[in-house]
Every structure is written in structure tokens, then in C-alpha cells.
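Note: hydrogens, waters and symmetry copies are ignored here, and every other heavy atom, side chains too, is used. This is a predicted model, so every value here is computed, not measured.
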Amino acid sequence: MVIDGRAGSKASGPAARVAGPSRVVDHGGMTSTADVSEPRLRCRECGAEASATGPQYCDRCFGPVEVVLADPGRPSGEVSALIEAGPASLARYGALLPRGLDLGGVSAGWTPLVRAPDLGRAIGLDDLWIKDETANPTGSFKDRVVEVAVARGAATGSRAVACSSTGNLARATAAAASRRGMAAIVLVPEHLDDSTIAELASLGATVVAVRGGYDAASRLAAEAAGDLDRWAWVNVTLRPWYELGARTTGWEIVEQSGWRMPDRVAAPVASGALARALHESMAHLAQSGLVSGVPPRLTALQPAGCAPVARAFASGADVVTPLAHPETVAASLAMGDPPDGHAVLAAARSTGGSVQAVDEDAILDAAELVRSTTGVAVEPAGGVVIAGLAALVAAGTVNRDEMVVAVLSGAAPPSRSVDSTGASAEVVPGRGLAGTIDASVAALTEVLPDHLLR
């Protein structure tokens, strides 16, 4: 069975991606012009108020900051009805999001929640569902986080969008920027494959390869965001809004489940933003009275070659020790120093879930199992989730009769690119790489065209 909220009904067979209607959504979910009021931000660690236009960390304790979601201010039945009447995209959650985000024309979100009986039988689960994030416009959940972050960037006057990425976030950033008429600059690891770089170029991005792997690219992004502060840095200065985009995944799972909580939700961990957001989004629905019960058990999965959060969980530590040199077949999860690792630890423990390392040898076979049983072609991160669940079922940690939702975060690499509307486009080799640099702001500005620096 497929619950395809894009059509607002249950249907059999594969669910097609359908773009939702264009709309600018305000706090009440109604059509409006952009709202100039600023949202509230606060530190997740000490609770201090933070500036909506300031850095993503607290100036008191240096903890991460988050956007404060206000009470919708109306009865839960009215809110849920308003959401259900919304567009077939993440814009339907305007009643839960801050004011002033222009989400007109967004097609990301409202991806299928699919019951997977054959896959479930293969790994020992009677009630397994997959949240198919490959159905997003560029093939991953990163379309969600980018659309919300870029909407915030556009609202504050940015004309260029930037990020560090191993591929999925870069694709989503380039497509969203193109749709809004903004420039896109992406920092990628030096050894990213040529086909991905060509694909990013076909989407209009300026690509800069950084020596030292993804963590080096990520550190450079954090440093450059201070100097190149007129750019909208999706996973740095706009990280609080990036995380809001990820929360729409959890809201959808609950809505598509008939406004009830699953028993368990399983997701991969790179930065940790998705796993944390799944927990926080469902907790917010419970706190707002939109659903009853408690948030599901969070099972967070990492590949054994890059499992700093899983190691902290296994040892009982509260601090995640960074991993210097990740080596894993799941390249999109190769983040040795995940910024939300400690939050994932706390969420897994508070819900009775776990954070587990997954045998590298099982990952690709599990990804193929997903394809052969469901028809969904997933990147290795999807294999991490399914192989991890299989191991936990075998160990007796996950009961076979639980309702488990496995979030498949991204598609297998495409042979063709996707343009800003979600349509296929030819990949043109040899374009878009501005240069390969050491991880320094000076080196970055040296290789960029002048018009991007003005």
C-alpha cells in the first residue's frame, strides 16, 4: 500500500511525483505576501534568546540555536484540517512554520509513505513502512531542508546560496537557487566523482573541490560564512531553518499515518539533523495537542566506517568523539564530526531507541534488497537503515510486530541530472569546477569569479 498524500488518498502501485500549487504560506497556512516579523530563536543548551539574524550558535554558551515554533493558536482539529487542505508539498505545514517564509512554487515534500511487506518479511518485520524521500525533486530529503533555508535567505535579502556537501545537499541547493534566480556555490570533497560535479554544473552551480574530505569542506564553509556573509549558507548560518525543513518529514509521517505515532522510526545519521528533526517534529505535534501518545523510539544508524555517534551510545558517553578519517561505502554519511550527534544521542536514549553501527559488508546488499522488494533505488545510506534494522531484529532489540517507519533519505546516483523544476536534463561533463583548493577562505576567494564576491 502507498499512502500518497500528494493526492490525499491511499493508492496502490508506485506514487508519481506531482508538484503542489504555487503558494506563499504564512503562519496560518493561508496565501499572503511575505511577513516582515522576525521569528524567535533560542539556544538548545542554555535556553538563552538569540538574534534571528545572528550566528547559529549562542553568544553565551556557544550552544546551537533553534527556531522557536509557536503554538498554532487554534484548536487542534482546525489546525489538522487546515494542513490537510494544503498543497501537496511541505508548504502544507505553514500553520506550524514561522511567518515570512515564501514557499510559493515549492514541490519538495509530501513524499509517499509506503508499506513494504516483502522487505519487512526479508528482515523479520511484520509492519514495516518506508518513507520514500527519493521522490523529492532532486532525489533526497535535502530538498526539504534547502527550500526552507533558502526561503529564509531570500527573505533577508541574500542573492547567492552556498553549502558544503557530498552531493545530495549540493543538488538541492543548486536546484532551489536556480528556481529563485539566485547563484549557487557548493564546496565538495576533493575526490567527489566527476559525474556528480558535472551534474551540479548542469544545475547551474559553481563547484569548488576542497582537499581533506568532507569535514575539511564543512570547516571551510563555517569559516567562510563569516567573511562571505552576504551569501545564504544553507548548512551554516541558516542551519536553524535547515532543521525546520527536516522536521516536515516527521510531520508527514504522522499525518500520513492517520495522525498517530508509529512505534519506531529509523533514519541514517550524517550530521544528525534528520534523526534529531524526526524526534523533535513528532514531539512538537504531541506538545501542541495534534496527536496523542509519545514520540516513537528513535533508531539512528551509522555505517561502521563512520560511526562516532554509535560508539558514544555503546559506551554510554554523552559526548561524541570526532572521527578523523571516515572510510565507508555510504559516502553521504561520511561526516566524522556530526554537529547534531549529541542531540541524536539524547533523543535515542529518551525514547528507548538506540544508535547503531552497521557492518560495511551488509550495506550494499541491503540497498539492493530495497530495490528488489520495493522498486525504490536507494543510495547506500538506505542500505545502512535496512541492514541496521535487520541486525536489530535478529538481536531481539526491535520486535517484529512494531510499526516501524524506515526513512530512505536519498536515491541511487542518477545517470541524468534534474533541473530546477524536477525535470530530467542532460549532464554535461567537464563544466562547473572552479578549482581544487586547500581549506582556506583565501584560496576560496581566489578561485571564484568576481561577480560572486561583489
Taking side chain as C-beta onward, heavy atoms only, is [X] less than 4.5 Å from [Y]?
X      : Y      : value
Arg42  : Glu66  : yes
Pro308 : Gln302 : yes
Ile185 : Trp231 : yes
Ser89  : Glu147 : no
Thr196 : Arg171 : yes
Leu238 : Trp233 : no
Pro64  : Glu45  : yes
Leu433 : Asp194 : no

Within the supplied structure, the quantity of interest is the number of heavy atoms (other residues, nucleotides, ligands) at a distance under 6.0 Å from Glu49 CD; does it exceed 12?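 Enclosed: over 12 neighbouring heavy atoms sit under 6.0 Å from CD of Glu49.
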Using a cut-off of 6.0 Å, state whether more than 12 heavy atoms not belonging to Glu84 lie near its atom CD.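 Result for CD/Glu84: enclosed.
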Test salt bridge (charged side-chain N to carboxylate O under 4.0 Å, His left out) on Arg219 and Glu223 and set out the steps. CA-CA 6 Å; Arg219 287 192 297 272; Glu223 182 181 356; over 6 Å; no
Measure the spacing between [atom1] of [X] and [atom2] of [Y] and express it to the nearest 0.5 Å.
X      : Y      : atom1 : atom2 : answer
Thr328 : Ile363 : OG1   : CD1   : 4.5 Å
Ile437 : Leu187 : CD1   : CG    : 6.5 Å
His342 : Arg44  : NE2   : CZ    : 5.5 Å
Arg276 : Leu298 : CZ    : CG    : 11.5 Å
Lys142 : Ser165 : NZ    : OG    : 6.0 Å
Thr299 : Leu389 : OG1   : CG    : 6.5 Å

Tell me, with the steps shown, if Leu96 and Ile83 meet side-chain contact (heavy atoms from CB on, under 4.5 Å). CA-CA 9 Å; Leu96 303 178; Ile83 290 170; 4.1 Å; yes
[X] side chain vs [Y] backbone, donor-acceptor pair below 3.5 Å:
X      : Y      : value
Ser218 : Asp215 : no
Thr156 : Arg152 : yes
Ser288 : Leu290 : no
Thr374 : Arg371 : no
Ser178 : Ala175 : no

If I compare all heavy atoms of [X] with all of [Y], which pair ends up nearest, and what's the gap?
X      : Y      : result
Leu345 : Val309 : CD2-O, 3.6 Å
Ala331 : Thr166 : O-CG2, 3.9 Å
Leu333 : Pro303 : CD1-CD, 3.7 Å
Pro39  : Trp241 : CG-CZ2, 3.6 Å
Arg180 : Ala154 : NH1-CB, 4.1 Å
Gly153 : Ala232 : CA-CB, 4.1 Å

For side-chain contact (heavy atoms from CB on, under 4.5 Å), just list the numbers for Thr206 and Val186, CA-CA rounded to whole Å, side-chain angles, deciding distance to a tenth of an Å, and then say yes or no. CA-CA 6 Å; Thr206 298; Val186 297; over 6 Å; no
Is there a donor-acceptor contact under 3.5 Å linking the side chains of Glu133 and Thr111?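 Yes, Thr111 and Glu133 have a side-chain donor paired with an acceptor closer than 3.5 Å.
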Residues Asp143 and Thr138: side-chain donor-acceptor under 3.5 angstrom: yes
Which residue in the set Val254, Val404, Val407 passes side chain to side chain contact (heavy atoms under 4.5 Å, CB included) when paired with Val265?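 Result for side chain to side chain contact (heavy atoms under 4.5 Å, CB included) with Val265: Val407.
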Of the options Asp102, Val161, Leu101, Thr173, which is the one that meets Val150 in a side chain to side chain contact (heavy atoms under 4.5 Å, CB included)? Val161
Determine, step by step, whether Glu379 and Ser140 satisfy the side-chain contact (heavy atoms from CB on, under 4.5 Å) criterion, reporting the C-alpha distance in whole Å, the side-chain angles of both residues, the deciding distance to 0.1 Å, and the verdict. CA-CA 10 Å; Glu379 65 179 354; Ser140 84; 5.5 Å; no
Sidechain N-carboxylate O distance under 4.0 Å for Glu243, Arg247: no
Exercise answer: donor-acceptor pairs, residues 207-214 side-chain atoms, under 3.5 Å, sequence neighbours excluded:
from: Arg211; atom 1: NH1; to: Asp438; atom 2: OD1; distance (Å): 3.1
from: Arg211; atom 1: NH2; to: Thr436; atom 2: O; distance (Å): 3.4

Could you go through the side-chain contact (heavy atoms from CB on, under 4.5 Å) check for Ser409 and Leu274 one step at a time? CA-CA 9 Å; Ser409 56; Leu274 174 59; 4.2 Å; yes
Could you tell me which residues satisfy side chain to side chain donor-acceptor pair (under 3.5 Å) with Glu252, sequence neighbours excluded, listed by chain and number? Lys131, Arg144
